[in-house]
2 protein chains.
Amino acid sequence: MKPPKQRSACALSSSLDILGDKWTLLILRDILFIGKSSYGEFAQSEEKMATNVLADRLALLECQGIVTKTVAADKKSKFTYRLTEKGLDLAPLMGELILWGHQHCANVDDTALMLELRQDQAGTIRKYQELARAAAR
Amino acid sequence: MKPPKQRSACALSSSLDILGDKWTLLILRDILFIGKSSYGEFAQSEEKMATNVLADRLALLECQGIVTKTVAADKKSKFTYRLTEKGLDLAPLMGELILWGHQHCANVDDTALMLELRQDQAGTIRKYQELARAAAR
DNA sequence: TATATTTGCTTGCGATTTGCAAGTGCAAAG
DNA sequence: CTTTGCACTTGCAAATCGCAAGCAAATATA
């Protein structure tokens with residue numbers, strides 16, 4: 001898997017080269033906030049992403065060093081995807097996406113996470129980063 | 001212009017329904033951090049987006065209430081695009097994208113904005129929001 | 001007043017990417 | 001030793017994209 005090409009030396013543009021699509025950040029959301037870790041779990045999420053796109057994005061995330069892929073502890077035929085530190089550093093970004101969506105998009109469900117984020121954004125982000133780190137051990 | 005369909009009631013997913021592509025946030029970057037305001041200026045930016053995509057994204061941003069489109073003060077054949085409050089609320093998100101890109105992507109230029117963001121993230125975001133509000137008046 | 005240029009799109013077209021459905025290979029369970 | 005579950009892969013039609021050119025209205029220049 002080859003990395004997507006960089007369109008410019010702009011930091012924002014470079015981030016979008018990797019994250020700028022409708023699916024990638026949903027996978028990371030599933031890992032960070034929902035605690036998912038396998039292909040099958042990602043495939044079942046509410047937004048129903050096509051499996052070829054899922055496989056493509058997982059490969060891309062792995063080659064970018066945002067997630068790691070290891071054989072699952074319980075089954076040899078299963079893989080476990082975890083966030084690296086580079087991936088965990090996307091937590092604040094995801095927090096902002098959640099808050100903006102909640103404030104400005106119609107028909108968005110209220111969740112416990114939302115309430116938590118609004119009351120203590122930085123603390124909530126740290127908490128989920130720590131949970132993900134703990135799961136990786 | 002019809003809004004893109006919502007894939008689920010998740011806030012993060014709903015934000016991505018609108019912002020999840022490689023171009024939309026670049027336009028908003030140009031307006032907020034670089035001070036651009038017209039079609040021609042957007043078309044000339046470093047990443048060279050195709051003009052049909054530019055026109056499409058501007059229409060989408062306008063119909064979503066993220067930017068306003070008005071006739072330019074100096075020329076009747078020109079339009080001025082400005083951020084609404086909904087658009088200004090994306091400033092923290094853009095800040096996070098810039099910081100992550102700078103930390104984790106190779107070949108990204110250092111800029112004055114980056115230094116500013118790293119020294120006082122919240123203050124810098126407020127400053128650019130205020131600048132954009134001032135330009136709108 | 002006639003011509004050229006600027007500005008903001010629109011159109012056509014081949015190439016890429018997507019969504020959907022079905023199929024494949026492998027490991028473990030029965 | 002057949003069946004089930006998991007992790008993908010493949011085929012194909014439809015949508016989207018990049019690229020180049022074209023177009024119409026407003027302004028600048030001669």
Side-chain angles (χ1 to χ4, degrees), chain A residues 1-8 13 16-27 30-31 34-64 67-82, chain B residues 1-8 13 16-28 30-31 35-64 67-82:
Chain A
M1 172 69 51
K2 58 170 189 276
K5 68 176 166 200
Q6 197 173 29
R7 289 172 296 174
S8 80
S13 157
L16 290 177
D17 289 336
I18 298 171
L19 305 168
D21 77 285
K22 297 205 188 303
W23 301 110
T24 302
L25 282 162
L26 287 189
I27 297 174
D30 283 355
I31 301 179
I34 312 185
K36 293 182 182 176
S37 63
S38 68
Y39 184 96
E41 289 177 305
F42 303 140
Q44 281 161 31
S45 62
E46 214 181 342
E47 294 86 3
K48 298 283 171 220
M49 83 171 87
T51 55
N52 56 347
V53 175
L54 173 55
D56 178 80
R57 296 305 187 280
L58 282 173
L60 214 47
L61 284 169
E62 194 197 353
C63 98
Q64 287 292 319
V67 304
T68 57
K69 177 183 185 176
T70 55
V71 175
D74 53 335
K75 267 191 183 180
K76 279 182 190 167
S77 66
K78 201 172 158 185
F79 294 104
T80 298
Y81 296 90
R82 303 275 187 214
Chain B
M1 172 68 53
K2 57 168 187 276
K5 69 174 165 200
Q6 200 173 24
R7 290 172 295 173
S8 80
S13 156
L16 290 177
D17 289 337
I18 299 171
L19 306 168
D21 78 282
K22 296 206 187 304
W23 301 109
T24 303
L25 282 161
L26 288 188
I27 297 174
L28 300 175
D30 284 355
I31 301 178
K36 293 182 181 177
S37 63
S38 67
Y39 183 96
E41 289 176 304
F42 303 139
Q44 282 161 33
S45 62
E46 216 183 338
E47 294 85 6
K48 297 281 173 223
M49 84 170 86
T51 56
N52 54 348
V53 175
L54 173 56
D56 178 79
R57 296 306 187 277
L58 282 172
L60 213 45
L61 284 170
E62 195 197 354
C63 98
Q64 287 291 319
V67 305
T68 57
K69 177 182 185 176
T70 55
V71 176
D74 53 334
K75 268 189 181 178
K76 278 182 192 169
S77 66
K78 201 173 158 182
F79 294 104
T80 298
Y81 296 90
R82 302 275 187 214

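We name chains A, B, ... by the order of the sequence lines, and we start the count at 1 in each one.
One can place CE of B:Met49 at 15 Å from P of C:dT10, the figure rounded to the nearest angstrom. In this structure, CG of B:Leu60 is placed 14 Å from P of C:dC9, rounded to the nearest angstrom. The distance between atom CG of B:Leu58 and atom P of C:dT10, rounded to the nearest whole Å, is 11 Å. To the nearest angstrom, P of C:dA21 lies 12 Å from NZ of A:Lys48. In this structure, the NZ atom of A:Lys5 is 10 Å from the P atom of C:dT16, given to the nearest Å. A:Phe42 places its CZ atom 9 Å from the P atom of D:dA7, with the value rounded to the nearest Å. Rounded to whole Å, atom C1' of D:dG5 lies 12 Å from atom CG of A:Asp74. Taking atom CZ of A:Phe79 as the reference point, atom P of C:dC26 lies 12 Å away to the nearest angstrom.
Distances shown here put a side-chain N or O of B:Arg57 below 4.0 Å from the OP1 or OP2 atom of D:dC17. Contact between the side-chain N/O atoms of A:Lys78 and the OP1/OP2 oxygens of D:dC8 is not found at any separation under 4.0 Å. When the side-chain nitrogen and oxygen atoms of B:Trp23 are compared with OP1 and OP2 of D:dG18, one or more of them lie within a distance under 4.0 Å. For the pair B:Lys69 and C:dC9, the criterion of a side-chain N or O lying under 4.0 Å from OP1 or OP2 is met.
Using a 4.0 Å heavy-atom cutoff across all strands shown, A:Tyr81 reaches sugar-phosphate atoms only and no base atom.
Counting only heavy atoms from C-beta on, B:Lys75 has its side chain closest to D:dT27 among D:dA7, D:dT27, C:dC9. Distances were taken from every side-chain heavy atom of A:Ala50 (C-beta onward) to each of C:dC20, D:dA7, C:dA27; the shortest belongs to C:dC20. Here the side chain of A:Tyr39 is nearest to one of C:dT10, D:dA7, C:dG8, namely D:dA7.
Here CE of A:Met49 is found 13.5 Å from NZ of A:Lys22. Values are rounded to the nearest 0.5 Å. In this structure, the separation between NZ on B:Lys69 and OH on B:Tyr39 is 10.0 Å, given to the nearest 0.5 Å.
Side chain A:Thr51 to base D:dT9: a donor-acceptor pair is found below 3.5 Å.
Atom NZ of A:Lys76 has 12 or fewer neighbouring heavy atoms from other residues, nucleotides or ligands inside a 6.0 Å radius.
A:Trp23 is listed as a side-chain neighbour of B:Arg7, based on a closest heavy-atom distance under 4.5 Å.
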Evaluation steps, side-chain contact (heavy atoms from CB on, under 4.5 Å), between B:Phe79 and B:Val71: CA-CA 4 Å; B:Phe79 294 104; B:Val71 176; 4.1 Å; yes
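Take the nearest nucleotide of DNA chain C for B:Asn52 and for A:Asp21: the residue whose nucleotide is more 5' is B:Asn52.
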